[in-house]
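Reading through the structure tokens given below for one structure.
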Amino acid sequence: MLRRLAAGSVVVALVLLLVAPPASPFALAAGGTCTGWSNEYVPPPTIRVYRTFGPARGTVQVVPFQQYVTTVVAAEFGPTAPTEALRAGAVAVKEYGWFYTMVWRGRTAPHGAGCYDVLDNSWDQVYWPERYDANDRQRQAVLDTWPVSVRKNGGFLLTGYRPGVPGTACGADADGWRLYQASAYRCALQGMRYPEILRTYYGPHFEIVRPGLPNPNGDGLGAIGIAVPGTGPAPGGVLPTPTPLPSASPVPGASGSPAASAAPGPTPGPSAVPTFYDLVWTDAPQQPWQPAALPSGSSLDPVTTLGWAFGDLNGDGRADLVRLLRMGTAGYRITVSLSQGNGVFSPAATWWSNVGTRFDLAPDAVVRLLVGDFDGDGVDDAAILAGIPGRPPIASGPNGTPAIPAVVPEAKLFVLRSTGSSFAPPQTWWTGPLDVSRAQVFAADATGDGRADFVVEADLYPADLPAAEATPAAEATPAATAPPTLAPDGTELPIGIRLSVAPAMSDGSFGPLDDWIDLTDTTQAAARTVVEDLNRDGRSDVVLLRPFGAAGSQLVGLLSTGKSFARTTLWTSTAFRTSASKIAAADLNGDGRGDLVVLYNAGDAGTRLYQFISTGTAFRATIRVLDPTLRWDTVDPF
């Protein structure tokens, strides 16, 4: 379809007019392929461009694909577009060119120049490097979104975009297939991040795919970390290779259940080092796990590790290792081991310490580490949540002991923005009532706006539930009121779990905690929880492994709608004990959906690792591997 240049647009100098793609992936054109790229998750290294402009006119150039995308962004989106509009445009430009490296239209240049994927002009996208040189903002927009691809109705999306009409309100001209640049410009000026912009114009049934999270190796495949007590293997030592089990099916039977009486392992010490597992996914269990030792770095003595996390702190596309330490009574520090790829991390370097600063935490504070892109700049940051322990209410006892009200604590969340080589001083982004000692906290983009939100899993008590509507007197039936269940110390026991979200705001703060869902069929003490994007809609979801029946487990998904969680069942087993399980999340097969790893107690034999692959609506259980070097009772996956 003919594409025309736009004149007088306040947004861009050059624009595209593209036909909308069909709802399902294209088949390859008859007669073979040109570039013939086939990977829908990793961009092609090159693209074949037929040149109609400049000294190379009449030839087919093989162009590095990232160079092609950067030059097209400079030509099609102009130098002054807002950053988030540039990022949305970079995804649209990349997806269009990527699509035609996979789906050849049978085009061949005259005079024997060979086949090509795209023209260099407005029939496809304007690639005129002789005229358009990208500025730093345009280059950065391409880098920030390079791992991202998009889908619609389950198929790789051929992205269209048009100039639109200047002055059109954000999203007012959205048709589900094209990005309209004038109104998208206004979306960006209103504070929308590029995932929201893309979702506004290409939805519904739109998916944002970021493969392989977390991805220390930069290979598009996810990984987990496992912190183990002690000092790690001796210098020059080699970690034992895990022994694959003979069956690729992880459906637990007698061999999959933990030993009836597992031998106690060593007591975890105050310090720990992690084992890095690069989880190369495969249906065959020959070599699915690749453990590698990480450097422990220097430390002060005594040191207590308060938390491990992965995060891309320098924007190179690889997940780095972050560690929060308490240095006795001296204070706190956060260290970072930057990933070099191939299972190699740099020695731990201190990126922040409160020693000698005015930032102080009370000696009895309960402290948690969070890592995520809180400010939406494409680079992960760190956060410290600190609070003083509270106390649930003490109900009156059977002997007339008076009730004691709950102690409601105040907690604070401090964000430390990454500069790429250190953390900026902490800033208070949230303050509110929260008992940190009785909660699990996560950094996750539950709202889908490209910023990491503050997600809290807390105990649910009877008093937290709304009072039942009064029954009319004529219909009322006398009934005894069941007393609350009490712990030995007289405190009420929780009856469930509450998941709440405080959204990250564009002004450098979190909004108030909003209750998204209550669960009354399990408790924090019984369940295991991770956060990941299960269905690759660009919003983070919650996964719980909870007890099911007498000796089984159930994987429950809480799918984010952007404003609440919707519950669904993902997997059920009658012979897989939650109490013998620890879990971690990673995109194991690089398809952009969050998968699950379960570490299962094998007693003296070590730890069995199970893979559960997300289909978007359920988990598909695959291989299991036995690692005799991991004592289940001491390991801490992340």
Side-chain angles (χ1 to χ4, degrees), residues 213-214 216 224-229 268 270-274 276 294 296-297 299-300 303-313 319-328 330-339 345 348-355 357 359-362 364-375 379-389 411-418 422-430 434-445 452-458 502 504 510 529-532 540 582 584-585 635-638:
L213 296 179
I224 68 167
I226 301 175
V228 296
S271 182
V273 297
F276 163 65
L294 296 177
S296 59
S299 62
L300 301 179
V303 169
T304 300
T305 299
L306 301 180
W308 295 97
F310 279 124
D312 181 7
L313 300 176
D320 309 305
L321 185 69
V322 188
R323 184 185 187 188
L324 174 63
L325 304 171
R326 178 186 287 134
M327 304 175 293
Y332 297 83
R333 65 185 174 123
I334 300 176
T335 67
V336 174
S337 293
L338 294 175
S339 172
F345 286 74
T350 297
W351 277 35
W352 172 84
S353 172
N354 72 332
V355 176
T357 71
F359 180 80
D360 193 19
L361 295 173
D364 58 346
V366 179
V367 179
R368 300 284 187 265
L369 170 70
L370 298 130
V371 173
D373 185 6
F374 300 111
D375 55 6
V379 177
D380 286 332
D381 312 296
I384 296 175
L385 177 68
I388 304 301
K412 289 186 177 182
L413 184 62
F414 305 95
V415 171
L416 300 87
R417 287 186 167 113
S418 172
S422 65
F423 289 122
Q427 298 176 326
T428 303
W429 277 37
W430 180 86
L434 176 65
D435 190 340
V436 181
S437 66
R438 294 177 176 269
Q440 289 196 74
V441 293
F442 308 91
D445 184 10
D453 307 308
F454 178 40
V455 181
V456 176
E457 177 190 277
F510 290 105
T529 308
V530 293
V531 175
E532 58 185 349
S540 296
K582 298 177 182 180
V635 298
D636 184 17
F638 61 92

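Treat the numbers as computed from the prediction; the structure is a model and nothing was measured.
- Residues Leu370 and Leu413 have side chains in contact (heavy-atom distance under 4.5 Å, counting atoms from C-beta outward).
- One finds the CZ atom of Phe423 at 11.0 Å from the OG1 atom of Thr350 (value rounded to the nearest 0.5 Å).
- Pairing each heavy atom of Leu416 with each of Ala424, the nearest pair is CB-O, 3.7 Å.
- Side chain of Ser540 to backbone of Asp445: a donor-acceptor contact under 3.5 angstrom is found.
- When all heavy atoms are compared, the tightest approach of Ala411 to Leu434 is CB-O, 3.6 Å.
- Using bins of under 30°, 30° to 60° and over 60° for the plane-to-plane angle, the ring pair Trp308/Phe638 lands in the parallel bin.
- By the neighbour-count criterion of 12 heavy atoms within 6.0 Å, atom NZ of Lys582 is densely surrounded, having more than that number from other residues, nucleotides or ligands.
- Remark: Ile384 CD1 to Leu369 CG distance equals 7.5 Å, nearest 0.5 Å.
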Test log, rule side chain to side chain contact (heavy atoms under 4.5 Å, CB included), inputs Asn354 and Phe414: CA-CA 12 Å; Asn354 72 332; Phe414 305 95; over 6 Å; no
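- Side-chain contact between Leu306 and Leu325 is absent, with no heavy-atom pair separated by less than 4.5 Å.
- In this structure a side-chain-to-backbone donor-acceptor pair under 3.5 Å is missing from Ser353 to Ile334.
- In this structure, the side chains of Val322 and Asp380 stay at 4.5 Å or more apart for every pair of heavy atoms.
- For the atom pair CD1 of Ile224 and CZ of Phe310, the computed distance is 8.5 Å after rounding to the nearest 0.5 Å.
- Judged by distance alone, with hydrogens and angles left aside, the side-chain atoms of Asp453 form a donor-acceptor pair with the main-chain N or O of Ala504 at under 3.5 Å.
- Put simply, the side chain of Trp351 reaches to within 4.5 Å of the side chain of Leu313, judged on heavy atoms.
- The aromatic rings of Phe454 and Phe510 lie tilted to each other, with the angle between the two planes from 30° to 60°.
- In this structure, the side chains of Val436 and Arg368 come closer than 4.5 Å at one or more pairs of heavy atoms.
- Considering only heavy atoms from C-beta on, Pro425 stays 4.5 Å or farther from Phe359 through its side chain.
- Of all the heavy atoms in Asp375 and Asp373, the pair that sits closest is OD1-OD1, 3.0 Å.
- Between the side chain of Asp320 and the backbone N or O of Ser339, at least one donor-acceptor pair lies under 3.5 Å.
- A pairwise comparison of heavy atoms in Pro214 and Ala585 identifies CD-O, 3.9 Å as the closest pair.
- Taking each heavy atom of Asp381 and Ser418 in turn, the nearest pair found is OD1-N, 2.9 Å.
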